[in-house]
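Worksheet: the structure to be examined is printed underneath.
What you see is a predicted model, and the numbers here were worked out from it, not measured in a lab. Remember, it's 1-based here, ligands and their atoms both numbered in the order they're listed. We count residues from 1, following the sequence as given.
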Amino acid sequence: MGDPPFAVLVVDDDPDTRENLRDILELDGYAVEGAGTAADALARDDWPRYGAVLLDRRLPDGTAEDILARLRAAAPEADVVIVTGSADVAATIAAFRLGAADYVLKPVSPDELRARLGRIAGHRRDRAALRAASAARDRALEELRATTQQLWQAARLAGVGELAASIAHELNNPLATVSLRVEGVLAKTPPDDPRRRPLEVVQGEVERMGRLVANLLNFSRAGREQVSTVDVCDEVAKTLDLTDHHLRKRGIAVGPEFAPGVPAIYADRQQLRQVFLNLVTNAADAMPAGGRLTPRVRTGTLPPAREAVVVEVTDTGVGIPPDHLPRVTDPFFTTKPEGQGTGLGLAICKRIVDQHHGALEIDSRLGEGTTVRVTLPVKNGANVAGLHAG
Ligand SMILES: Nc1ncnc2c1ncn2[C@@H]1O[C@H](COP(=O)(O)OP(=O)(O)O)[C@@H](O)[C@H]1O
Ligand SMILES: [Mg+2]
């Protein structure tokens with residue numbers, strides 16, 4: 001027999017028969033236990049071990065037909081082989097209706113017993129294979145369901161982005177009109193007129209709306225790769241401008257640390273903005289009760305000795321558990337509730353940073369905070385291979 005044999009329970013009131021069967025079966029590698037009565041057998045608590053039960057048709061406390069139903073209920077995984085005399089064949093056939101798997105005639109021939117148990121072993125293998133296949137199918141279905149859900153969510157999010165862009169676009173004209181009109185009225189209002197101050201407030205707020213709309217349009221512009229020289233400090237500052245309200249509403253203090261003299265890099269501006277925006281929103285999400293966001297920009301190096309610009313986004317948030325750390329940049333890995341996270345943010349960041357031949361690293365301490373570090377090579381010719389100048 002190929003497979004590791006299973007355990008067999010021999011239920012027979014005759015100790016000699018039990019011993020004989022045990023000898024035969026143990027030679028074949030089966031583990032064997034015995035029971036002298038139906039009650040003994042039913043009282044066992046180690047049923048999961050048994051692959052087969054050899055059940056004498058006539059026991060002191062009942063026939064096989066009497067106890068089969070209870071036996072099958074106690075050990076649904078074990079096949080029951082009835083051991084019977086030739087006079088009882090009709091009754092034995094009746095036992096099949098109650099769930100017996102097979103029968104052997106007394107006196108038991110070792111070869112026949114071997115053949116019966118071999119068949120049972122085959123069935124068990126088939127059943128196990130079927131179960132494994134069905135579990136694999138369930139898993140695949142579940143994965144498919146989850147992926148479909150995530151794709152749908154991503155698509156919906158992309159749709160929201162487009163909607164936001166088109167609304168931003170629509171807002172441009174009325175904003176320009178308000179701005180012009182206010183300017184016109186202001187021009188006609190003498191400096192000491194008490195109505196001047198409220199008008200100036202309106203003008204200031206309209207300008208703010210205009211900046212927001214312009215930023216939104218910039219961010220949502222479809223990502224055609226467009227390589228140019230980029231001032232990283234400038235881009236990080238713009239991202240902070242755009243998220244300023246969002247962060248303040250959440251009680252997050254922002255303290256940028258931009259080193260002086262950071263060189264411009266050769267990169268795709270839109271894509272870098274996307275990276276910074278993702279890092280800032282992740283940091284904000286990690287600080288539901290407020291905290292401190294520290295964006296840093298400084299000069300650094302990439303191995304072996306390439307000049308680079310380092311951008312760090314540090315938060316004082318919940319942190320990332322060590323076992324999640326290797327997975328956070330996987331597409332669709334998210335710990336956020338449905339509708340809030342797509343699990344695409346860091347995956348996109350990683351792809352963009354890779355395309356720029358840079359590096360993305362994450363340091364995190366659970367309960368203390370997280371630093372995501374993006375290192376991008378300065379313009380040197382080597383960093384544009386994967387990017388097509390637009
Ligand atoms: N700054 C951070 N602090 C704590 N956890 C983070 C941070 N950034 C990312 N994560 C973890 O990584 C996961 C994946 O992030 P991301 O790819 O942006 O997808 P999403 O934000 O949609 O969940 C998040 O769900 C979160 O568990
Ligand atoms: Mg995110």
Distance alone, cut at 3.5 Å: any donor-acceptor contact between the side chains of [X] and [Y]?
X: Thr17; Y: Asn20; value: no
X: Thr314; Y: Thr294; value: no
X: Arg22; Y: Tyr30; value: no

| query | Does ligand 1 have an atom that lies less than 4.0 angstrom from a heavy atom of Asp315? | reply |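 Judged by the 4.0 Å heavy-atom criterion, Asp315 does count as contacting ligand 1.
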| request: Tell me whether Asn282 has at least one N, O or S atom under 2.8 Å from the Mg ion (ligand 2). | output: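 Yes.
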| Of the choices Gly343, Gly345, Gly317, Gly319, which has the non-hydrogen atom that lies closest to atom 20 (P) of ligand 1? |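 Closest candidate by heavy-atom distance is Gly343.
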| Nearest protein heavy atom with distance in Å, relative to atom 13 (C) of ligand 1 |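 Here the closest protein heavy atom is Phe333 O, 3.8 Å.
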| request: Report yes if Lys336 has an N/O atom closer than 3.5 Å to an N/O atom of ligand 1; otherwise report no. | output: yes
| said: Does only the side chain of Val328 get under 4.0 Å from ligand 1, or the backbone, or both, or neither? Count heavy atoms. | reply: both
| request: Examine the proximity of ligand 1 to Thr281 and report which part, side chain or backbone, both or neither, has a heavy atom under 4.0 Å away. | output: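 Neither part.
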| message | Please tell me whether His356 and Tyr266 form a close aromatic pair, meaning their ring centres lie under 6.0 Å apart. | response | no
| So does Arg114 pair up with Asp111, basic N to acidic O under 4.0 Å? |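 Between Asp111 and Arg114 there is a salt bridge, with a charged N closer than 4.0 Å to a carboxylate O.
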